[in-house]
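In what follows, a structure is listed as structure tokens, so that the remarks can point back to it.
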Protein chains: 2
Amino acid sequence: MGHNPRPALHHPTLETVLVTAVLHALSDETRLSIVRTLHAEPDGRACGTFPVNVAPSTLSHHFKVLREAGLIRQEDRGTQRWTVLRVREVDARFPGFLNAVIAATEVASARS
Amino acid sequence: MGHNPRPALHHPTLETVLVTAVLHALSDETRLSIVRTLHAEPDGRACGTFPVNVAPSTLSHHFKVLREAGLIRQEDRGTQRWTVLRVREVDARFPGFLNAVIAATEVASARS
DNA sequence: GGTATTATTCGACATATTTCGAAAGAAGGC
DNA sequence: GCCTTCTTTCGAAATATGTCGAATAATACC
């Protein structure tokens with residue numbers, strides 16, 4: 001590999017994450033859309049493949065907020081950064097929360 | 001009554017409220033504390049009785065955010081403004097969501 | 001009408017957050 | 001080593017948000 005490998009990403013344990021940080025992370029339209037997409041695709045996705053309308057730098061910002069809120073796990077695969085939702089960990093920490101949020105967004109988009 | 005009664009407060013129907021607005025409303029420590037307090041007291045409370053540490057003007061701001069997110073209902077009783085959580089309406093619109101959020105905060109405060 | 005109580009509004013300030021383009025950087029292929 | 005691909009970082013700008021004190025305003029009591 002290269003002589004300066006990318007630094008390892010920090011993934012906080014769910015126990016250290018504030019409830020308000022999680023709620024804040026999900027209160028943004030773009031981040032909520034990312035989480036919905038990942039919830040429907042347990043195998044995850046590469047950064048550049050999400051159906052969102054923001055600049056790549058803004059997307060990096062949003063991934064960072066989600067990662068620091070403990071909602072996603074990311075790892076590098078070649079030039080791509082792969083993202084999965086930390087469903088089990090979030091469900092263990094906040095039982096029923098993620099499903100309720102996803103369900104709430106589905107009602108909203110069904111009405112649109 | 002007086003000749004200039006206070007204008008009626010606007011309480012949006014839950015159908016018109018964005019999921020992100022609800023999540024945003026709850027992503028603040030003070031507002032989350034208000035919602036927890038109200039969840040435990042279905043009869044509601046007067047504005048000045050909540051165990052929070054902010055100025056009255058800031059509290060008014062937070063009540064406004066919660067009201068506009070459709071989470072609380074407020075009415076005037078003499079010089080007091082009474083507040084209740086709109087539990088049934090929120091549960092009807094976002095089944096399981098409110099309980100999951102409250103449960104999440106209880107885990108958090110149990111760990112403190 | 002004056003006073004007390006309760007709460008809001010107003011305006012200002014500080015901080016937080018979202019956004020982007022340009023530059024930078026790592027991995028991979030040739 | 002160069003080029004391509006993918007993504008991040010940096011710095012800046014705009015917007016959003018939380019905070020407060022002072023002033024305002026309605027209700028209630030006398």
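Protein chains get the first letters and strands the later ones, always in sequence-line order, with residue 1 at the start of each.
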State whether A/F50 and A/R45 meet the cation-pi test: NZ (Lys) or CZ (Arg) under 6.0 Å from the six-membered ring centroid, and within 45° of the perpendicular axis.
yes
Atom CG of A/L66 and atom P of C/dT18 are separated, to the nearest Å, by 10 Å
Rounded to whole angstrom units, what separation is found between the CD atom of A/Q80 and the C1' atom of D/dT5?
9 Å
May I ask you to list the residues of residues 69-78 of chain A, by number, that have any heavy atom positioned under 4.0 Å from an atom of DNA chain C?
A/G78
Nearest whole angstrom, please: distance from the P of D/dT9 to the CZ of A/F63.
13 Å
Shortest non-hydrogen contact from B/L14 to B/G70?
CD2-O, 3.5 Å
Sequence neighbours excluded, which residues qualify as salt bridge (charged side-chain N to carboxylate O under 4.0 Å, His left out) partners of B/R77?
B/E75
Taking atom types as modelled, is there a side-chain donor on A/Q74 or A/R81 under 3.5 Å from an acceptor on the other?
no
Gap between atoms CD1 and C1', on A/I34 and D/dT7 respectively (whole Å):
14 Å
Grab the NZ-C1' distance between A/K64 and D/dT7 for me, whole Å please.
14 Å
Give the rounded distance in Å between these two atoms: CG of A/L32 and P of C/dT18.
13 Å
Nearest heavy-atom neighbours spanning A/C47 and A/F63:
SG-CE1, 3.7 Å
Mark up nucleotides 17-24 of chain D, 5' to 3', with B wherever a protein heavy atom is under 4.0 angstrom from a base atom, S wherever such an atom reaches only the sugar-phosphate, and - elsewhere.
SSBBB---
Once you apply a heavy-atom cut-off of 4.0 Å, does B/R81 come out as touching a base, just sugar-phosphate, or nothing?
sugar-phosphate
Determine the sole option in A/V19, A/L26, A/T20, A/L18 for which the side chain to side chain contact (heavy atoms under 4.5 Å, CB included) test with A/V22 is passed.
A/L26
If you take all heavy atoms of B/P95 and A/A100, which pair is closest and at what distance?
O-CB, 3.9 Å
Can you name the nearest heavy-atom pair linking A/A25 to A/R31, along with the distance?
O-NE, 2.6 Å
